[in-house]
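Below: the structure, in structure tokens.
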There are 2 protein chains.
Amino acid sequence: MSKQQQVNKPKNEQESKAAVSENSVMEVFAFFNEVGIINQLASTILAGSLPDGVHPSHFAIINHLYRLGDGRSPLRIAAAMQVTKTTMTHSLKVLEGKGYISIKPNPEDARGKLVFLSAGGRQFRDKAIAQTVAAFGHVLSDEQVSRMKKLLPELTELRQFLDSNRLQ
Amino acid sequence: MSKQQQVNKPKNEQESKAAVSENSVMEVFAFFNEVGIINQLASTILAGSLPDGVHPSHFAIINHLYRLGDGRSPLRIAAAMQVTKTTMTHSLKVLEGKGYISIKPNPEDARGKLVFLSAGGRQFRDKAIAQTVAAFGHVLSDEQVSRMKKLLPELTELRQFLDSNRLQ
DNA sequence: CGAATATAGTTCGATATCGTACTATTGTAG
DNA sequence: CTACAATAGTACGATATCGAACTATATTCG
């Protein structure tokens, strides 16, 4: 007995009497856990390659406005990004401070705002894309890229399902 | 001209002269963006169903120790979770404060610590699983669960690739 | 052996995110 | 028309995470 500390065996070495539903939940957990780790890895790589110290989630906002068109409300962007509106208020304030977006009152609804990409924001986006090409080139093979292309539509469907069936 | 604000067209309505590499990068972005949103959705669902206000990432630590065995170093857990060691220091302090883990010095290396699941931690894990079964049941159909089972090994391979090829 | 380097954790300050509570405006029902 | 409910956004405090700098121990190498 060399070890002073008790180290418990992994659970799969014990006999299992779990119900089917628990087994399914474990696979769901494993899936979401993997998704979380990939997200973590991608964020770290992105954070290191984005110019001007821009946070990956803020870059996602710029990219969203760039691809899908600007002039959207903060709440609409928040829904697309799956973050709360308080988070969006903060993120937009940061991006506005950097001069990448402008936030204007919605002329058709005095409660709301509309978010626009500035020229500087578009320049930033182009520069960011260029710099991240190299960063991702270091960690991605053609095989992995094609794997991601294959998986993307499945993830999109799953996301849409989760989004439309979420609680509240 | 009813609109006072200029709203730019989505980018895909403009002619594209982008290089192949940029197109690939856009798909990679789309993939990681989808992963990030799914992660966000899953975290929100989990956060609402975990007992005792435990953060999803902290539950992931407990689940990791439960499944793969405890008596691991904080750094090793941090590597598995893809978070920094400073984050792990904080997370373990929280879990220790709740009585779910104990942190003991490593008898074979005075620099290190070893993390053990307490009985309370195991009880918490079982209770958490039970409570989240219902929560996920509300937002997941059998079709989505089987989709996740199908995608899991692909994501795992991708994660392993990213992990082994990451910068530094 | 002894100095330089590497590894394991912690401390500290910054920031992204969340939930609660608030204001302001819009929509709706009596 | 007025009161109530819904919607858009902000203010504030709490917390999870990060990076830089630090301490302590271990390893390596001359």
Side-chain angles (χ1 to χ4, degrees), chain A residues 36-37 39-50 52-62 71-98 101 103-115 166-168, chain B residues 36-37 39-50 52-62 71-98 101 103-115 166-168:
Chain A
I37 292 176
N39 182 53
Q40 196 70 27
L41 279 160
S43 292
T44 301
I45 297 170
L46 249 185
S49 64
L50 286 177
D52 201 14
V54 168
H55 193 276
S57 65
H58 296 172
F59 173 66
I61 295 171
I62 291 178
R72 291 160 189 262
S73 74
L75 197 60
R76 193 173 167 199
I77 305 172
M81 300 291 154
Q82 285 299 313
V83 296
T84 63
K85 55 187 181 178
T86 57
T87 297
M88 192 50 55
T89 295
H90 173 260
S91 299
L92 294 177
K93 206 170 292 178
V94 172
L95 289 174
E96 189 180 35
K98 288 178 182 291
I101 62 170
I103 307 174
K104 302 174 183 174
N106 183 347
E108 298 175 0
D109 187 339
R111 294 172 301 184
K113 308 273 185 78
L114 295 178
V115 183
R166 88 192 108 139
L167 322 170
Q168 267 55 281
Chain B
I37 292 175
N39 182 53
Q40 195 71 25
L41 280 160
S43 292
T44 301
I45 297 169
L46 249 185
S49 64
L50 286 177
D52 201 15
V54 168
H55 193 276
S57 65
H58 296 173
F59 172 67
I61 295 171
I62 291 178
R72 291 160 189 261
S73 75
L75 197 59
R76 192 173 167 199
I77 304 172
M81 300 289 153
Q82 286 299 312
V83 296
T84 62
K85 56 188 181 179
T86 57
T87 296
M88 192 50 56
T89 296
H90 173 260
S91 298
L92 294 177
K93 206 168 292 179
V94 172
L95 289 174
E96 190 180 34
K98 288 177 183 289
I101 61 170
I103 306 174
K104 301 173 183 174
N106 183 347
E108 298 176 0
D109 186 339
R111 295 172 300 184
K113 308 272 184 79
L114 295 177
V115 183
R166 89 192 109 139
L167 323 169
Q168 267 51 281

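Please read all numbers here as calculations on a predicted model, not as lab measurements. Residue numbering restarts at 1 for every chain, and letters A, B, ... go by the order of the sequence lines.
Between the P atom of D/dT7 and the CZ atom of A/Arg76 lies a distance of 17 Å, rounded to the nearest Å. A/Leu114 has its CG atom 13 Å from the C1' atom of D/dG9, to the nearest Å. With rounding to whole Å, A/Leu92 atom CG is found 15 Å from D/dA8 atom P. Here D/dT10 presents its P atom at 6 Å from NZ of A/Lys93, a figure rounded to the nearest Å. Between the C1' atom of D/dG9 and the CD1 atom of A/Ile103 lies a distance of 11 Å, rounded to the nearest Å. A/Lys104 places its NZ atom 16 Å from the P atom of D/dG9, with the value rounded to the nearest Å.
In plain terms, the two heavy atoms of B/Leu41 and A/Gln82 that are nearest each other are CD2-OE1, 3.1 Å. Considering all non-hydrogen atoms of both residues, A/Leu114 and A/Gly71 come closest at CD2-O, 3.5 Å. Across all non-hydrogen atoms, the minimal contact from B/Ser43 to B/Pro56 is O-CG, 3.6 Å. Closest of all the heavy-atom pairs between B/Pro74 and B/Lys113 is CD-O, 3.4 Å.
Here B/His90 lies in heavy-atom contact (under 4.0 Å) with a base.
Listed for the B/Asp52 side chain is no donor-acceptor partner under 3.5 Å among the backbone atoms of B/Val54.
In the helix from C/dC1-D/dG30 to C/dG30-D/dC1, the rotation axis of the first five pairs and that of the last five pairs differ in direction by 20°, rounded to 10 degrees.
Side-chain contact check for B/Ser91 versus B/Ile61: some heavy-atom pair is nearer than 4.5 Å. Proximity of A/Val83 to B/Gln40: side-chain heavy atoms (C-beta onward) are separated by under 4.5 Å at one or more points. Side-chain contact between A/Val115 and A/Arg76 is absent, with no heavy atoms from C-beta onward closer than 4.5 Å.
Nearer the 5' end of DNA chain D, as judged by each residue's closest nucleotide, is the contact made by A/Lys113, out of A/Lys113 and B/Gly53. Across the interface with DNA chain C, nearest-nucleotide mapping of A/Asp109 and A/His58 shows A/His58 to be the residue nearer the 5′ end.
Taken to the nearest 0.5 Å, the CG atom of B/Leu95 stands 9.0 Å off from the CE atom of B/Met88. How far CD1 of A/Ile45 is from CG of A/Leu50: 11.5 Å, rounded to the nearest 0.5 Å.
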(message) Within the 4.0 Å limit for protein heavy atoms, which parts of nucleotides 18-23 of chain D are touched? Write it as a string from 5' to 3', B for base, S for sugar-phosphate only, - for none.
(response) BBB---
(request) In sequence, state the C-alpha distance, the side-chain angles, and the governing distance for A/His90 and A/Val94, and then conclude on side-chain contact (heavy atoms from CB on, under 4.5 Å). (result) CA-CA 6 Å; A/His90 173 260; A/Val94 172; 3.9 Å; yes
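Using a 4.0 Å cutoff to heavy atoms of chain A, the contacted part of DNA chain C runs 5' to 3' from C/dA16 to C/dT26.
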